[in-house]
Amino acid sequence: ADGTYVWNITCADSASKSNVSDIRTLNIDVATPTINLETPADNAWSNDNTPDLKFNFTDQSSTASCTIYLGAVPYGTNVSAFNNTMTTITVNASLTSGTNYTWNVTCTDLASNTKYGTGRNIQIDTIAPTVTFVSPANNAWTSDTTPDLYFNVTDATAVNFSCSLYIDNILNQTNTSVARNEVSNGFTVVSAMSEAAHTWNITCTDPAANTINSGARTLNVDNTVPTIALQTPANNAWTNDNTTDFVFTVSDNLDTSLDCTLGINNANYGNNASVIAGATTTIRLNATNGIADGTYVWNITCADSASK
């Protein structure tokens with residue numbers, strides 16, 4: 001049976017004289033080593049194209065010569081790996097990104113028994129994904145304090161990603177199962193944003209831990225309506241000018257340029273799409289032949305960039 005044995009030779013001549021040889025040790029080992037792959041796990045991803053592959057073997061032999069194979073190609077050998085001890089071999093040549101490899105270990109013990117282990121797969125991916133914004137556009141305006149923010153992520157190898165939304169560089173939320181090439185990927189902001197200009201960006205990580213940041217876009221959140229002050233004509237005024245000027249000022253908590261329309265008896269009679277907030281503005285009645293004598297109700301309607 002397998003084991004360590006002590007042996008010697010005893011010889012006697014015809015005169016019954018005998019002698020004993022030196023004692024020697026003989027190790028009998030007919031069993032192949034048992035190989036256990038440790039890390040990386042089967043079907044793991046790596047962004048290292050010369051990864052460390054770890055294993056151990058158990059055997060009667062105290063050491064063995066062990067070689068890492070990827071497919072049928074050797075990528076490193078340890079000629080004196082120790083029995084029942086974690087051993088690391090670093091792949092000794094660069095692997096190709098975007099390629100799935102099957103790796104294994106072959107160990108030959110001191111009795112020349114050789115064992116080929118059970119293979120594992122490793123996906124090499126050294127290239128980060130690409131993240132692009134979909135909507136809203138940069139410097140867009142919205143009155144929605146919990147808006148939907150959309151993006152797309154592409155990659156040559158991976159199909160699913162973990163992506164996070166940051167508002168003003170603060171993590172808002174994470175989705176760990178974002179699909180590749182889906183323009184409907186998006187986040188709904190989970191807590192109300194204040195009325196202000198905010199930055200938002202997306203960070204995505206592929207299964208090999210390659211991470212990309214989208215860069216930032218600005219989103220203006222404005223949920224407050226403009227304030228309009230009518231100047232002239234005064235209320236209940238009289239005029240003999242049937243194409244008179246209407247003067248007002250408008251202010252807004254954020255926007256500096258507003259779209260304002262003159263309404264007379266609920267009909268539009270003039271517009272200025274770039275009214276400066278805080279400035280005195282005049283819209284002249286734009287009827288070709290003026291308006292007929294009579295009593296009219298007039299007002300100014302202004303909308304900011306958030307359509308408030």
Would you say Arg120's side chain and Glu38's backbone share a donor-acceptor pair under 3.5 angstrom?
yes
Please indicate whether Tyr296 has more than 12 foreign heavy atoms, meaning atoms of other residues, nucleotides or ligands, lying under 6.0 Å from its OH.
yes
With side chains defined as the heavy atoms from C-beta onward, is the minimum distance between Pro40 and Leu53 less than 4.5 Å?
yes
Does Asn47 use its side chain to pair, donor to acceptor, with the backbone of Ala208 at less than 3.5 Å?
yes
Do Thr34 and Lys115 come within less than 4.5 Å of each other through their side chains, counting heavy atoms only?
no
Verify same cluster id: Leu258, Phe248 (apolar side-chain graph, 4.5 Å):
yes
Going through the checks in order, is the side chain to side chain contact (heavy atoms under 4.5 Å, CB included) test met by Ile124 and Ser46?
CA-CA 5 Å; Ile124 302 299; Ser46 176; 4.2 Å; yes
Do Tyr150 and Val183 land in one hydrophobic cluster if side-chain heavy atoms of ILVMFWY residues count as linked below 4.5 Å?
yes
Side chain to side chain contact (heavy atoms under 4.5 Å, CB included) between Thr157 and Asp206: does it pass, once the steps are laid out?
CA-CA 9 Å; Thr157 305; Asp206 66 21; over 6 Å; no
CG of Asn92 to OG1 of Thr50, rounded to nearest 0.5 Å, is 9.5 Å
If we count only N and O atoms by modelled type, under 3.5 Å, do the side chains of Thr211 and Thr205 hold a donor and an acceptor together?
yes
Least distance between heavy atoms, Trp200 atom then Phe133 atom
CH2-CD2, 3.3 Å
Is any side-chain heavy atom of Thr118 closer than 4.5 Å to a side-chain heavy atom of Leu37?
no
So does Glu182 get a backbone contact from the side chain of Asn152, meaning a donor-acceptor N/O pair under 3.5 Å?
yes
Looking at Val189, is its backbone amide N or carbonyl O close enough to the side chain of Asn172 to form a donor-acceptor pair, meaning the two atoms are under 3.5 Å apart?
no
Do Thr130 and Ile212 have side chains that approach each other closer than 4.5 Å (heavy atoms only, starting at C-beta)?
no
Any side-chain heavy atom of Ile264 within less than 4.5 Å of one from Phe246?
yes
Could you go step by step and tell me if Ile202 and Asn185 meet the side chain to side chain contact (heavy atoms under 4.5 Å, CB included) rule?
CA-CA 11 Å; Ile202 303 294; Asn185 288 323; over 6 Å; no
What's the shortest heavy-atom distance between Ala64 and Asp109, and which atoms?
CB-CA, 3.9 Å
Given 3.5 Å as the limit, does a donor-acceptor pair link the side chain of Asn138 with the main chain of Thr218, or not?
yes
Same apolar cluster (I L V M F W Y, side chains within < 4.5 Å links), Phe187/Tyr166
no
Hydrophobic cluster membership, with links at side-chain heavy-atom distances under 4.5 Å among I/L/V/M/F/W/Y: are Ile170 and Ile167 in one?
no
Partner of Glu195 by side chain to side chain donor-acceptor pair (under 3.5 Å), out of Asn253, Asn220, Asn223
Asn253
Candidate pair Thr85 and Asn56, rule side chain to side chain contact (heavy atoms under 4.5 Å, CB included), full reasoning
CA-CA 5 Å; Thr85 302; Asn56 70 66; 5.8 Å; no
Would you indicate whether Tyr269, at its atom OH, is surrounded by more than 12 heavy atoms from other residues, nucleotides or ligands within a distance under 6.0 Å?
no
Any side-chain donor near an acceptor of the partner, Asn268 and Thr261, under 3.5 Å:
no
May I ask you to check whether Ser177 and Asn175 show a side-chain donor-acceptor distance below 3.5 Å?
yes
Could you tell me whether Asp13 atom CG has more than 12 heavy atoms of other residues or ligands within 6.0 Å of it?
yes
Counting distance only, does the side-chain N/O of Thr142 pair as donor-acceptor with the main-chain N or O of Asp144 below 3.5 Å?
yes
Answer with yes or no whether the hydrophobic clustering places Trp45 together with Ile127; edges join I, L, V, M, F, W, Y residues whose side-chain heavy atoms lie under 4.5 Å apart.
no
Kindly say whether Val297 contributes a backbone atom to a donor-acceptor pair with the side chain of Asn265 at under 3.5 angstrom?
yes
Is any side-chain heavy atom of Pro51 closer than 4.5 Å to one of Leu95?
yes
Are Thr249 and Val275 close enough that some pair of their side-chain heavy atoms sits under 4.5 Å apart?
no
To check you understand the geometry: which heavy-atom pair defines the closest contact between Val247 and Thr282, and what is its length?
CG2-OG1, 3.5 Å
Check: Ser62/Asn83 side-chain N/O donor and acceptor closer than 3.5 Å:
no
Would you confirm whether Ser21, through its side chain, and Ile9, through its main-chain N or O, come within 3.5 Å as a donor-acceptor pair?
yes
Taking all heavy atoms of Ala81 and all of Thr87, pick out the closest pair and write down the distance.
CB-OG1, 3.9 Å
Can you find a pair of side-chain heavy atoms, one from Pro147 and one from Leu219, that are under 4.5 Å apart?
yes
Side-chain ion pair, Arg284 and Asp241, N-O less than 4.0 Å:
yes
Would one find more than 12 heavy atoms of other residues, nucleotides or ligands at under 6.0 Å from atom CG of Asn266?
no
If you look at every heavy atom in Val105 and Trp103, which pair is closest and at what distance?
CG2-CZ3, 4.2 Å
Would you find a donor on one side and an acceptor on the other, under 3.5 Å apart, between the side chain of Asp168 and the backbone of His198?
no
Val153 and Pro129 have their tightest heavy-atom pair at CG2-CB, 3.8 Å
Under 3.5 Å: donor-acceptor pair, side chain of Asn272, backbone of Cys260
no
